[in-house]
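Naming: A, B, ... by sequence-line order, numbering from 1 per chain. Note that the structure is a prediction, hence the values are computed from the model and not measured.
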Amino acid sequence: GENVEQHPSTLSVQEGDSAVIKCTYSDSASNYFPWYKQELGKGPQLIIDIRSNVGEKKDQRIAVTLNKTAKHFSLHITETQPEDSAVYFCAASRGLMDTDKLIFGTGTRLQVFP
Amino acid sequence: GAVVSQHPSWVICKSGTSVKIECRSLDFQATTMFWYRQFPKQSLMLMATSNEGSKATYEQGVEKDKFLINHASLTLSTLTVTSAHPEDSSFYICSARWTENSPLHFGNGTRLTVT
(Lines give C-alpha, C1' and ligand atoms only; values in the text may rest on other atoms or scores of the structure.)
Protein backbone atom coordinates (compact mmCIF):
# COMPACT_ATOMS: atom_id res chain seq x y z
CA GLY A 1 0.00 0.00 0.00
CA GLU A 2 0.85 3.65 -0.15
CA ASN A 3 3.28 5.10 2.36
CA VAL A 4 3.83 8.83 2.69
CA GLU A 5 6.82 10.24 4.50
CA GLN A 6 7.02 13.88 5.49
CA HIS A 7 9.96 16.03 6.58
CA PRO A 8 10.78 17.91 8.65
CA SER A 9 8.60 17.14 11.65
CA THR A 10 9.13 20.65 12.99
CA LEU A 11 10.17 23.82 11.23
CA SER A 12 10.85 27.23 12.71
CA VAL A 13 11.29 30.27 10.52
CA GLN A 14 11.45 34.01 10.93
CA GLU A 15 8.54 36.05 9.67
CA GLY A 16 9.08 36.90 6.03
CA ASP A 17 11.28 33.90 5.32
CA SER A 18 10.23 30.96 3.18
CA ALA A 19 9.27 27.53 4.46
CA VAL A 20 9.55 24.27 2.55
CA ILE A 21 8.01 20.96 3.55
CA LYS A 22 8.80 17.80 1.63
CA CYS A 23 6.95 14.54 1.18
CA THR A 24 7.74 11.30 -0.59
CA TYR A 25 5.33 8.60 -1.58
CA SER A 26 5.74 4.98 -2.51
CA ASP A 27 2.83 4.13 -4.79
CA SER A 28 3.63 5.09 -8.37
CA ALA A 29 -0.09 4.94 -9.14
CA SER A 30 -0.80 7.88 -6.83
CA ASN A 31 -1.81 10.92 -8.80
CA TYR A 32 -3.51 13.30 -6.41
CA PHE A 33 -1.59 15.21 -3.75
CA PRO A 34 -3.37 17.63 -1.41
CA TRP A 35 -1.89 19.67 1.41
CA TYR A 36 -3.80 20.43 4.58
CA LYS A 37 -3.23 22.98 7.34
CA GLN A 38 -4.42 22.08 10.81
CA GLU A 39 -4.64 24.63 13.58
CA LEU A 40 -4.82 23.61 17.20
CA GLY A 41 -8.09 21.91 18.08
CA LYS A 42 -9.47 22.15 14.56
CA GLY A 43 -9.89 19.88 11.60
CA PRO A 44 -7.53 20.01 8.62
CA GLN A 45 -8.17 22.68 6.04
CA LEU A 46 -7.29 22.11 2.40
CA ILE A 47 -4.84 24.77 1.27
CA ILE A 48 -3.68 23.51 -2.11
CA ASP A 49 -3.66 20.34 -4.15
CA ILE A 50 -2.00 19.07 -7.29
CA ARG A 51 -2.59 16.32 -9.78
CA SER A 52 0.12 14.30 -11.41
CA ASN A 53 -0.36 15.86 -14.81
CA VAL A 54 0.94 19.13 -13.42
CA GLY A 55 4.43 19.81 -12.13
CA GLU A 56 3.72 22.94 -10.16
CA LYS A 57 0.78 24.88 -8.85
CA LYS A 58 0.74 28.23 -7.14
CA ASP A 59 -1.82 30.14 -5.11
CA GLN A 60 -0.55 33.48 -3.84
CA ARG A 61 2.12 32.71 -1.23
CA ILE A 62 1.66 28.97 -1.44
CA ALA A 63 3.04 26.67 -4.11
CA VAL A 64 3.34 22.94 -4.54
CA THR A 65 5.79 21.13 -6.78
CA LEU A 66 5.63 17.53 -7.87
CA ASN A 67 8.36 15.26 -9.19
CA LYS A 68 6.69 12.07 -10.35
CA THR A 69 9.91 10.41 -11.33
CA ALA A 70 11.38 10.82 -7.87
CA LYS A 71 7.98 10.39 -6.23
CA HIS A 72 8.20 13.45 -4.10
CA PHE A 73 6.26 16.66 -3.73
CA SER A 74 6.86 19.80 -1.74
CA LEU A 75 4.97 22.67 -0.21
CA HIS A 76 6.52 26.12 -0.45
CA ILE A 77 5.28 29.03 1.62
CA THR A 78 6.85 32.40 0.86
CA GLU A 79 6.78 35.56 2.96
CA THR A 80 5.67 33.60 5.98
CA GLN A 81 3.47 35.26 8.58
CA PRO A 82 2.78 34.31 12.20
CA GLU A 83 -0.69 33.13 11.20
CA ASP A 84 0.93 30.50 9.01
CA SER A 85 1.95 28.72 12.22
CA ALA A 86 0.13 25.38 12.26
CA VAL A 87 0.63 21.71 11.50
CA TYR A 88 0.78 20.90 7.81
CA PHE A 89 -0.05 17.49 6.38
CA CYS A 90 0.66 16.20 2.93
CA ALA A 91 -1.38 13.35 1.52
CA ALA A 92 -1.55 11.12 -1.52
CA SER A 93 -4.14 9.01 -3.23
CA ARG A 94 -4.73 7.37 -6.56
CA GLY A 95 -7.12 10.08 -7.62
CA LEU A 96 -9.87 12.40 -6.57
CA MET A 97 -12.39 9.67 -7.05
CA ASP A 98 -10.40 7.51 -4.70
CA THR A 99 -10.06 9.98 -1.84
CA ASP A 100 -11.26 7.31 0.55
CA LYS A 101 -7.73 6.03 0.30
CA LEU A 102 -6.11 9.35 1.10
CA ILE A 103 -2.91 8.52 2.95
CA PHE A 104 -1.51 11.26 5.14
CA GLY A 105 2.04 12.12 6.01
CA THR A 106 3.10 12.46 9.61
CA GLY A 107 2.77 16.23 9.71
CA THR A 108 5.08 19.22 10.05
CA ARG A 109 4.68 21.70 12.86
CA LEU A 110 5.55 25.10 11.43
CA GLN A 111 6.32 27.98 13.75
CA VAL A 112 6.74 31.46 12.34
CA PHE A 113 8.39 33.86 14.75
CA PRO A 114 7.64 37.57 14.44
CA GLY B 1 -17.30 26.88 -0.33
CA ALA B 2 -18.07 23.42 0.95
CA VAL B 3 -18.67 23.30 4.68
CA VAL B 4 -18.60 20.24 6.89
CA SER B 5 -20.01 20.66 10.38
CA GLN B 6 -19.22 18.30 13.22
CA HIS B 7 -20.95 18.11 16.58
CA PRO B 8 -20.13 18.11 19.39
CA SER B 9 -16.72 19.74 19.33
CA TRP B 10 -15.79 18.01 22.55
CA VAL B 11 -17.36 15.45 24.85
CA ILE B 12 -16.43 13.82 28.11
CA CYS B 13 -18.05 10.53 28.99
CA LYS B 14 -17.67 7.80 31.54
CA SER B 15 -16.18 4.46 30.72
CA GLY B 16 -18.80 2.02 29.47
CA THR B 17 -21.13 4.60 28.01
CA SER B 18 -21.75 5.36 24.34
CA VAL B 19 -21.16 8.60 22.51
CA LYS B 20 -22.60 9.76 19.21
CA ILE B 21 -20.81 12.21 16.94
CA GLU B 22 -22.59 13.91 14.05
CA CYS B 23 -21.13 15.03 10.76
CA ARG B 24 -23.14 17.20 8.44
CA SER B 25 -22.46 18.61 5.01
CA LEU B 26 -24.08 22.02 5.21
CA ASP B 27 -24.26 23.20 1.65
CA PHE B 28 -23.85 20.10 -0.44
CA GLN B 29 -24.96 16.52 -0.62
CA ALA B 30 -22.33 13.97 0.28
CA THR B 31 -22.92 10.42 -0.82
CA THR B 32 -19.68 9.49 0.87
CA MET B 33 -18.23 10.69 4.15
CA PHE B 34 -15.09 9.54 5.89
CA TRP B 35 -14.20 9.17 9.54
CA TYR B 36 -10.68 9.67 10.80
CA ARG B 37 -9.04 9.35 14.15
CA GLN B 38 -6.09 11.41 15.29
CA PHE B 39 -3.99 10.90 18.38
CA PRO B 40 -2.08 13.84 19.87
CA LYS B 41 0.73 15.04 17.64
CA GLN B 42 0.08 12.27 15.16
CA SER B 43 -1.33 12.00 11.70
CA LEU B 44 -4.86 11.20 10.61
CA MET B 45 -5.81 7.58 10.32
CA LEU B 46 -8.81 6.59 8.23
CA MET B 47 -11.26 4.55 10.26
CA ALA B 48 -14.10 3.96 7.84
CA THR B 49 -15.90 5.14 4.75
CA SER B 50 -19.53 5.99 5.26
CA ASN B 51 -21.81 5.44 2.29
CA GLU B 52 -25.32 6.87 2.18
CA GLY B 53 -27.89 4.13 2.27
CA SER B 54 -25.45 1.27 2.73
CA LYS B 55 -23.09 -0.22 5.25
CA ALA B 56 -19.88 1.52 6.09
CA THR B 57 -16.55 0.14 4.95
CA TYR B 58 -14.10 -0.20 7.80
CA GLU B 59 -10.34 -0.12 7.60
CA GLN B 60 -8.35 -3.05 8.83
CA GLY B 61 -8.09 -3.11 12.59
CA VAL B 62 -11.13 -0.92 13.23
CA GLU B 63 -13.86 -2.70 15.17
CA LYS B 64 -17.13 -2.18 13.35
CA ASP B 65 -19.17 -3.20 16.39
CA LYS B 66 -17.43 -0.63 18.53
CA PHE B 67 -17.51 2.24 16.07
CA LEU B 68 -20.99 2.24 14.61
CA ILE B 69 -21.44 4.38 11.54
CA ASN B 70 -24.76 5.41 10.09
CA HIS B 71 -25.22 7.49 6.96
CA ALA B 72 -28.96 7.97 6.93
CA SER B 73 -29.12 10.90 4.54
CA LEU B 74 -27.04 12.70 1.97
CA THR B 75 -26.08 15.34 4.53
CA LEU B 76 -25.63 13.41 7.75
CA SER B 77 -23.33 10.67 8.96
CA THR B 78 -22.98 9.63 12.58
CA LEU B 79 -20.25 7.80 14.44
CA THR B 80 -21.20 6.11 17.69
CA VAL B 81 -18.46 4.95 19.99
CA THR B 82 -20.04 2.15 21.97
CA SER B 83 -18.97 1.06 25.43
CA ALA B 84 -16.24 3.65 25.41
CA HIS B 85 -12.99 3.06 27.25
CA PRO B 86 -10.18 5.47 28.12
CA GLU B 87 -8.12 4.18 25.18
CA ASP B 88 -10.88 5.45 22.87
CA SER B 89 -10.04 8.98 23.93
CA SER B 90 -8.96 10.73 20.77
CA PHE B 91 -9.76 13.40 18.22
CA TYR B 92 -12.34 12.16 15.72
CA ILE B 93 -12.69 14.00 12.45
CA CYS B 94 -15.14 13.51 9.62
CA SER B 95 -14.75 14.59 6.04
CA ALA B 96 -16.83 14.72 2.91
CA ARG B 97 -16.47 15.56 -0.72
CA TRP B 98 -18.81 17.77 -2.64
CA THR B 99 -18.79 15.72 -5.83
CA GLU B 100 -16.97 12.59 -6.85
CA ASN B 101 -14.10 14.60 -8.27
CA SER B 102 -13.84 17.33 -5.66
CA PRO B 103 -11.35 17.50 -2.79
CA LEU B 104 -12.04 16.28 0.71
CA HIS B 105 -13.21 18.86 3.21
CA PHE B 106 -12.94 18.19 6.91
CA GLY B 107 -15.06 19.04 9.89
CA ASN B 108 -13.53 20.69 12.94
CA GLY B 109 -13.30 17.44 14.81
CA THR B 110 -14.62 16.09 18.10
CA ARG B 111 -12.35 15.61 21.05
CA LEU B 112 -13.55 12.60 23.02
CA THR B 113 -12.32 12.06 26.55
CA VAL B 114 -13.35 8.88 28.32
CA THR B 115 -12.87 8.91 32.07
**Message:** Is B:Q38 in contact with chain A via its backbone, its side chain, both, or neither, using a 4.5 Å heavy-atom distance?
**Reply:**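 When you check distances to chain A, only side chain atoms of B:Q38 fall under 4.5 Å.
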With a 4.5 Å cut-off on side-chain heavy-atom distances among I, L, V, M, F, W and Y, is there a chain of contacts connecting [X] to [Y]?
{"X": "B:I21", "Y": "B:L76", "value": "no"}
{"X": "A:I50", "Y": "A:Y88", "value": "yes"}
{"X": "B:W35", "Y": "B:Y58", "value": "yes"}
{"X": "B:M47", "Y": "B:L112", "value": "yes"}
{"X": "A:V4", "Y": "A:I48", "value": "yes"}

[atom1]/[X]: more than 12 non-hydrogen atoms of other groups inside 6.0 Å:
{"X": "A:L40", "atom1": "CG", "answer": "no"}
{"X": "B:K64", "atom1": "NZ", "answer": "no"}
{"X": "B:H85", "atom1": "NE2", "answer": "yes"}

**Request:** Specify the closest pair of heavy atoms between A:L46 and B:P103, including all atoms of both residues, with the distance to one decimal.
**Result:** CD2-CB, 3.4 Å
**Taking every non-hydrogen atom, the tightest pair across B:F91 and A:K42** = CE2-O, 3.6 Å
**Request:** Against chain B, work out which of A:P34, A:A91, A:G107, A:G105 has the most heavy-atom pairs shorter than 4.5 Å and name it.
**Result:**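 Most heavy-atom pairs within the cutoff with chain B belong to A:G105.
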**Most chain B-contacting option - heavy-atom pairs closer than 4.5 Å, from A:Q38, A:Q45, A:E39** =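 Answer, by heavy-atom pair count under 4.5 Å with chain B: A:Q38.
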Output the distance between atom [atom1] ([X]) and atom [atom2] ([Y]), rounded to the nearest 0.5 Å.
{"X": "A:L102", "Y": "B:L44", "atom1": "CG", "atom2": "CG", "result": "9.0 Å"}
{"X": "B:K41", "Y": "A:T106", "atom1": "NZ", "atom2": "OG1", "result": "14.0 Å"}
{"X": "A:I103", "Y": "B:S43", "atom1": "CD1", "atom2": "OG", "result": "9.0 Å"}

**Prompt:** Hey, does A:Y36 have a side-chain heavy atom less than 4.5 Å from the side chain of B:L104?
**Reply:**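 Touching, per the 4.5 Å side-chain cut-off.
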**Asked** Is there side-chain contact between B:Y36 and A:P44, with at least one heavy-atom pair below 4.5 Å?
**Response**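 Side chain of B:Y36 against side chain of A:P44, heavy atoms only: no contact under 4.5 Å found.
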**Prompt:** Tell me, side chain or backbone of A:F89 under 4.5 Å from chain B's heavy atoms, or both, or neither?
**Reply:** side chain
